[in-house]
Amino acid sequence: MTDQKQKINIQMFNWGPCVIRLKIQDNFKKLLLEEGKKNKLDFTDKLAGILNKETGYSEESKAKILPLMSEALGIYDQAYQKYTMKAYEKKPEYLLTALWINYQKANDFNPPHDHDGKLSFVTYLSIPEKLKKENAAYNGKSCGPGGIQFIYGNGPRDCITIYSIFPEENDMFIFPAWLKHWVAPYKSDVTRISVSGNVHDSAPLNNIVNFAPQYIKGKKND
């Protein structure tokens, strides 16, 4: 007779993009807020969002923020290797190419879009209580007012193609830059503050530097 209590080991395979959610420390949040107040670069014409105000960080500000951002990217690398069940052959070297702060107000929203680069991230610095209450009162099945939703692939309802969540303060989401996502509008007369950014992998850029001179030399000889 088969032992009904026999333990059966299984391996579950992960499909789709690797998206992680982590909590940043208050000192990181404070730095992003303080440096964001110094921003003079208007980013509203560079982004997909229909938002009241979006401004870019200066190179000086990015230099201050980079050490803390590097720690978060290191966490993503660990999660990615665990998710894919495969260690890196060569550890990625990242370049923080864009960093901006979003001031979202009532009826502002981000339509479905993706980003440039290798990875993107968004971290939430201030979520007013009125918005939290508005989202809690929502009875639908989507992310609700002020929520963020990641969209990948097609399939029946038993296939996970959407990740939908209402974020909390200090939440940071890191995800592949090509992954489509959108932010729902809300009605509360408040301002929510978040910071987004794009990261490039330096490996392709290094290849261009290393191989381009030989390529150009070959063209000249032709």
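Residues: numbered from 1 along the sequence shown.
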| task | Show your working on side chain to side chain contact (heavy atoms under 4.5 Å, CB included) between Met85 and Phe13 and close with a plain yes or no. | result | CA-CA 9 Å; Met85 296 178 285; Phe13 293 92; 3.8 Å; yes

| field | Side chain to side chain, Asp77 and Lys91, heavy atoms closer than 4.5 Å | value | yes

| field | Geometric class of the Tyr80/Tyr88 ring pair [parallel <30°, tilted 30-60°, perpendicular >60°] | value | parallel

| Do NZ/NE/NH1/NH2 and the carboxylate oxygens of Lys64 and Glu35 come within less than 4.0 Å? | yes

| request: Working to the nearest 0.5 Å, report the span between CD of Glu54 and CG of Asp42. | output: 8.5 Å

| said: Using side-chain heavy atoms (C-beta onward) and a distance below 4.5 Å, is Lys105 in contact with Asp108? | reply: yes

| query | Mind checking whether Tyr152 and Trp15 have ring centres under 6.0 Å apart? | reply | no

| said: Could you check whether Lys53 makes a cation-pi contact with Tyr103, meaning its NZ or CZ is under 6.0 Å from the centre of the six-membered ring and within 45° of the ring axis? | reply: yes

| field | Worked verdict on Asn198 versus Thr97 for side-chain hydrogen bond (donor to acceptor under 3.5 Å, both in side chains) | value | CA-CA 6 Å; Asn198 296 333; Thr97 50; 5.5 Å; no

| query | Taking the six-membered ring for Trp, are Phe121 and Phe175 ring centroids under 6.0 Å apart? | reply | no

| task | Please answer: with hydrophobic residues joined when any side-chain heavy atoms are less than 4.5 Å apart, are Val199 and Val19 in the same cluster? | result | no

| task | Start with the C-alpha gap between Arg21 and Ile165, add the side-chain angles, then the distance that decides, and say whether side chain to side chain contact (heavy atoms under 4.5 Å, CB included) holds. | result | CA-CA 11 Å; Arg21 177 189 186 186; Ile165 192 168; 2.8 Å; yes

| Quick one: do Phe173 and Leu22 end up in the same hydrophobic cluster if we chain Ile, Leu, Val, Met, Phe, Trp and Tyr together by side-chain heavy atoms under 4.5 Å apart? | no

| query | For the hydrophobic clusters of this structure (ILVMFWY residues joined by side-chain heavy atoms under 4.5 Å, transitively), does one cluster hold both Ile148 and Leu131? | reply | yes

| Side-chain heavy-atom pair Thr84, Cys18 within 4.5 angstrom cut-off | no

| message | Assess the residue pair Ser142 and Gln149 against the criterion (side chain to side chain contact (heavy atoms under 4.5 Å, CB included)); give the C-alpha distance rounded to whole Å, side-chain angles, the decisive distance to 0.1 Å, and a yes or no. | response | CA-CA 8 Å; Ser142 72; Gln149 193 167 82; 4.1 Å; yes

| Which atom pair, heavy atoms only, marks the closest approach of Ala63 to Pro67? | O-CD, 3.4 Å

| note | Tightest non-hydrogen contact, residues Pro111 and Trp182, listed as C-CB, 3.7 Å

| Can you tell me how far the OG1 atom of Thr55 sits from the NZ atom of Lys37, to the nearest 0.5 Å? | 12.5 Å

| query | Is the shortest distance from a Lys or Arg side-chain nitrogen in Asp189 or Lys130 to a carboxylate oxygen in the other one below 4.0 Å? | reply | no

| note | Heavy atoms of Tyr83 and Pro17 approach each other most closely as OH-O, 3.5 Å

| Taking atom types as modelled, is there a side-chain donor on Asn170 or Lys23 under 3.5 Å from an acceptor on the other? | no

| query | Do the side chains of Met172 and Leu99 join up, straight or via other hydrophobic residues, at under 4.5 Å, putting them in one cluster? | reply | yes

| Can we say Lys29 and Glu169 salt-bridge, meaning some charged N sits less than 4.0 Å from an Asp/Glu carboxylate O? | yes

| Would you call Val195 and Trp100 a side-chain contact if the rule is heavy atoms closer than 4.5 Å? | no

| said: Quick one, Ser126 and Arg192 - any side-chain contact, counting heavy atoms below 4.5 Å? | reply: no

| Judged by modelled atom types alone, do Asn154 and Thr161 share a side-chain donor-acceptor pair under 3.5 Å? | no

| said: Is there a path of hydrophobic side-chain contacts, each under 4.5 Å between heavy atoms, that joins Ile193 and Phe166? | reply: no

| task | Determine whether Asn39 and Ile101 make a side-chain contact, defined as any pair of heavy atoms from C-beta on separated by less than 4.5 Å. | result | yes

| query | When the ring centroid of Trp178 is compared with that of His113, is the distance short of 6.0 Å? | reply | no

| Roughly how far apart are Asp171 CG and Ile127 CD1, rounded to 0.5 Å? | 7.0 Å

| request: Taking the six-membered ring for Trp and the full ring for Phe, Tyr or His, determine whether the centres of His200 and Tyr94 are under 6.0 Å apart. | output: no

| query | Can you tell me how far the OH atom of Tyr186 sits from the CG atom of Asn135, to the nearest 0.5 Å? | reply | 12.0 Å

| task | Give the minimum heavy-atom separation between Tyr124 and Ser194, together with the two atoms involved. | result | CD2-CB, 3.8 Å

| message | What's the separation between atom CG in Leu66 and atom CD in Glu71, rounded to the nearest 0.5 Å? | response | 10.5 Å

| What closest approach, in Å, do Tyr76 and Pro176 show between heavy atoms, and which atom pair accounts for it? | OH-CD, 3.9 Å

| message | Give me the atom names and distance for the closest heavy-atom approach of His115 to Gly197. | response | ND1-O, 4.5 Å

| field | Nearest-0.5 Å distance, CE of residue Met69 to OG1 of residue Thr123 | value | 8.0 Å

| said: Would you say CD of Gln81 has more than 12 non-hydrogen atoms from neighbouring residues, nucleotides or ligands within 6.0 angstrom? | reply: yes

